[in-house]
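Structure first, commentary second.
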Amino acid sequence: MITLKLFGEGCFVHYLESSKASIETYKLIAAKMKLPLKEALLDAYFFYKLHSDVQSIDDLIVDSFGGLLPLSPWKIEVWFERKKIAKIPFNELLNSTTLFPLYNVENLNAPISFFDKGIYLKELVTGCIGTYKFDSSSFDIDNVTFTLLNSVFTEKPLLVNTSYQNKNFEKVKDDYLIRHREIVII
């Protein structure tokens, strides 16, 4: 069993229910609250005024992505059969200081047109961004691929995925504190 643990600061981006009817309803409630839409959606009273089974902004989430940011302090640990076998510096993923790269890194560039138009909730978090597992009887670091995403949501690349032999690790847990939330409208 291969275990990958990501510690540090991260970012999660959630696409919210953004149909035309929903957005019009959100705008009406925000106008009644005398707040801009971006502030109203983060206000708990907004969901009381919505008069539906939606109790919080978390109930509006349709899709999500996120991961680890290269901000100190951070740690990427690789465990195999309950032994820590590697502690990978994030800056080695960004720009290798060796003649040949030590790790397989896939860079994805996602322009604003890549994302659906709508309302997004961006959360900045701190802690254990994720613990991921992959069932394997052997381990070779050359078979691990780290996927970094460059997008409009973060200034720095975001470690969004890790795979082993072209199969994704499965997230089994996380334990983080949400430090900041903001609404982004595309």
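Count residues from 1 along the sequence.
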Q. Taking side chain as C-beta onward, heavy atoms only, is Asn168 less than 4.5 Å from Ser163?
A. yes

Q. Is there a chain of hydrophobic side chains (I, L, V, M, F, W, Y, each step under 4.5 Å between heavy atoms) that links Leu4 to Ile2?
A. yes

**Q.** Contact summary for Leu94 and Pro157, nearest pair of heavy atoms
**A.** CD2-CG, 3.4 Å

(Q) Quick check: closest heavy atoms across Lys5 and Trp79, and the distance to 0.1 Å? (A) CD-NE1, 3.9 Å

Q: Work out which heavy atom in Asp142 is nearest to a heavy atom in Asn104; give both atom names and the distance.
A: O-ND2, 2.5 Å

Q: Answer with yes or no whether the hydrophobic clustering places Leu149 together with Phe90; edges join I, L, V, M, F, W, Y residues whose side-chain heavy atoms lie under 4.5 Å apart.
A: no

Q) Same hydrophobic cluster for Leu124 and Leu158, using side-chain heavy-atom links shorter than 4.5 Å among ILVMFWY? A) yes

Q. Would you call the rings of Phe169 and Phe134 parallel, tilted or perpendicular, where under 30° means parallel and over 60° means perpendicular?
A. tilted

Q.
Check this for me: Asn166, atom CG, are more than 12 non-hydrogen atoms of other residues, nucleotides or ligands nearer than 6.0 Å?
A. no

All N/O donor-acceptor pairs, side-chain side in residues 53-64, below 3.5 Å, sequence neighbours left out:
from	atom 1	to	atom 2	distance (Å)
Ser56	OG	Asp58	N	3.3
Asp58	OD1	Arg181	NH2	2.9
Asp59	OD2	Gln55	N	2.8
Asp59	OD2	Ser56	N	3.4
Ser64	OG	His14	ND1	2.5

Q: Could you tell me whether Lys171 atom NZ has more than 12 heavy atoms of other residues or ligands within 6.0 Å of it?
A: yes

Q: Supply the atom-to-atom distance Asp135 CG to Met1 CE, rounded to the nearest 0.5 angstrom.
A: 4.5 Å

Q. Same hydrophobic cluster for Ile119 and Phe115, using side-chain heavy-atom links shorter than 4.5 Å among ILVMFWY?
A. no

Q | Nearest-0.5 Å distance that lies between atom OG in Ser136 and atom OH in Tyr164 | A | 4.5 Å

Q: Work out which heavy atom in Leu42 is nearest to a heavy atom in Glu182; give both atom names and the distance.
A: CD1-CA, 4.1 Å

Q: Give, for atom CD of Glu106 and atom OG1 of Thr145, the distance between the pair rounded to the nearest 0.5 Å.
A: 7.0 Å

Q | CG on Asp174 to OH on Tyr132, rounded to 0.5 Å | A | 7.5 Å

Q) If you look at every heavy atom in Leu69 and Cys11, which pair is closest and at what distance? A) CD1-CB, 3.9 Å

Q | Atom pair CD1/CG of Ile76 and Leu68 - distance to nearest 0.5 Å | A | 5.5 Å

**Q.** same_hphob_cluster(Phe47, Tyr15) at 4.5 Å side-chain heavy-atom cutoff
**A.** no

Run the side-chain donor-acceptor check on residues 23-30: report pairs under 3.5 Å with partners two or more places apart or on a different chain.
from	atom 1	to	atom 2	distance (Å)
Thr25	OG1	Ala21	O	2.9
Tyr26	OH	Glu17	O	3.0

**Q.** Nearest atoms (heavy-atom pairs only) where Ile129 meets Glu9
**A.** CD1-C, 4.1 Å

Q.
Take a 6.0 Å sphere around CD of Gln165 and say whether it holds more than 12 heavy atoms from other residues, nucleotides or ligands.
A. yes

Q: Starting at OH of Tyr120, measure out to CG of Leu16 and round the result to the nearest 0.5 Å.
A: 9.5 Å

(Q) Contact between Phe139 and Glu81 at the side-chain level, heavy atoms closer than 4.5 Å - yes or no? (A) no

Q.
Could you check whether any side-chain heavy atom of Leu41 comes within less than 4.5 Å of a side-chain heavy atom of Phe46, counting everything from C-beta outward?
A. yes

Q) Can you tell me if Lys122 uses its side chain to pair, donor with acceptor, with the backbone of Phe153 under 3.5 Å? A) yes

